[in-house]
Undergrad: 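The structure that follows is given in the form of structure tokens.
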Amino acid sequence: VKPALLAFLKSEDLHGYGLLEKLEPLGLGSINPSVIYRILRDYEEIGLVKSDWDKESTQGPPRRVYALTDAGEAALGRASRSLRETVARINQIIALVEEKAE
């Protein structure tokens, strides 16, 4: 979930519920919104994202909109490398399983 949030913010600034909507097609839409907001607060505290109030585009109360920082983009690059390594390991295990099944 954490790298996905950074990836979504790389392409556009979003509020928490906008991020939740983006997680839905990944099969991660059932995550409690409080978890997303806690991650965003942590990310903001360590400088990976910044936020501001969007007072113009909502009919209700203003919402906090999050944007990726340069540090967040660097963290996303590290996460991408780590995810690729994990995928490679998983593919190796799948190959072993399929090899033994034949």
Side-chain angles (χ1 to χ4, degrees):
V1 171
K2 291 180 178 184
L5 297 179
L6 294 176
F8 295 140
L9 292 173
K10 182 177 180 177
S11 60
E12 65 181 310
D13 299 350
L14 292 164
H15 54 82
Y17 279 99
L19 287 163
L20 272 172
E21 290 172 0
K22 296 268 189 186
L23 290 170
E24 184 72 36
L26 299 177
L28 300 170
S30 64
I31 294 175
N32 189 310
S34 66
V35 171
I36 301 303
Y37 284 106
R38 184 174 36 242
I39 292 168
L40 290 169
R41 279 193 306 275
D42 290 347
Y43 277 176
E44 189 166 22
E45 190 173 298
I46 61 174
L48 302 183
V49 301
K50 61 184 176 181
S51 70
D52 201 2
W53 292 103
D54 180 9
K55 300 175 182 103
E56 298 173 13
S57 66
T58 62
Q59 293 181 344
R63 295 190 276 188
R64 189 171 287 279
V65 176
Y66 295 87
L68 194 65
T69 64
D70 289 341
E73 194 153 347
L76 181 57
R78 290 188 301 274
S80 177
R81 287 187 294 280
S82 176
L83 287 167
R84 287 181 190 280
E85 291 170 4
T86 300
V87 167
R89 285 188 208 104
I90 290 169
N91 285 333
Q92 288 175 333
I93 294 168
I94 290 170
L96 288 171
V97 169
E98 291 173 349
E99 180 181 293
K100 300 293 182 189
E102 294 175 357

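Throughout, numbering of the chain's residues begins at 1 and tracks the sequence.
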Undergrad: Restricting to non-hydrogen atoms, name the atom on K10 and the atom on E73 that form the minimum distance, rounded to 0.1 Å.
TA: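 Answer, listing the atom of K10 first, then E73: CE-OE2, 3.6 Å.
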
Undergrad: Test of understanding: clusters of I, L, V, M, F, W, Y form through side-chain heavy atoms closer than 4.5 Å, transitively. Do L26 and V1 belong to the same one?
TA: yes

Undergrad: Does N91 form a side-chain contact (heavy atoms from CB on, under 4.5 Å) with I94? I'd like the steps, not just the answer.
TA: CA-CA 5 Å; N91 285 333; I94 290 170; 4.3 Å; yes

Undergrad: Rounded to the nearest 0.5 Å, what separates atom CG in L19 from atom CD1 in I31?
TA: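 Those atoms lie 11.0 Å apart.
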
Undergrad: If you draw the axis of the six-membered ring of W53, does the NZ or CZ of R64 fall within 45° of it and under 6.0 Å from the ring centre?
TA: yes

Undergrad: To the nearest 0.5 Å, tell me how far Q92 CD sits from E99 CD.
TA: 12.0 Å

Undergrad: Closest approach of P3 and A79, non-hydrogen atoms and distance?
TA: CB-CB, 4.0 Å

Undergrad: Is T69 reaching over with its side chain to a backbone N or O of L48, donor-acceptor style, under 3.5 angstrom?
TA: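 Such a contact is found between T69 side chain and L48 backbone.
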
Undergrad: Report, as yes or no, whether the 6.0 Å neighbourhood of atom CG on D70 holds more than 12 heavy atoms from other residues, nucleotides or ligands.
TA: no

Undergrad: How long is the straight-line distance from CG of L40 back to CD of E45, given to the nearest 0.5 Å?
TA: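 Result: 13.0 Å between the selected atoms.
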
Undergrad: To the nearest 0.5 Å, what is the distance between CD1 on I36 and CG on L14?
TA: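 One gets 12.0 Å once the value is rounded to the nearest 0.5 Å.
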
Undergrad: For D13 and A67, work out which heavy atoms get closest and say how close.
TA: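 Between these two residues, the closest heavy atoms are OD1-CB, 3.2 Å.
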
Undergrad: Could you tell me whether the side chain of Y43 and the main chain of L6 form a donor-acceptor pair under 3.5 Å?
TA: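 Such a contact is absent between Y43 side chain and L6 backbone.
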
Undergrad: Grab the two heavy atoms, one from E44 and one from S51, that are nearest each other, plus how far apart they are.
TA: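 The pair with the smallest heavy-atom distance is OE2-OG, 2.7 Å.
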
Undergrad: For S82, does its backbone N or O pair with a side-chain atom of T86 as donor and acceptor, under 3.5 Å?
TA: yes

Undergrad: What about V65 and V49, same hydrophobic cluster or not, with Ile/Leu/Val/Met/Phe/Trp/Tyr joined at side-chain heavy-atom distances under 4.5 Å?
TA: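 No: no chain of side-chain contacts under 4.5 Å links V65 to V49.
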
Undergrad: Hydrophobic cluster membership, with links at side-chain heavy-atom distances under 4.5 Å among I/L/V/M/F/W/Y: are L23 and L83 in one?
TA: no

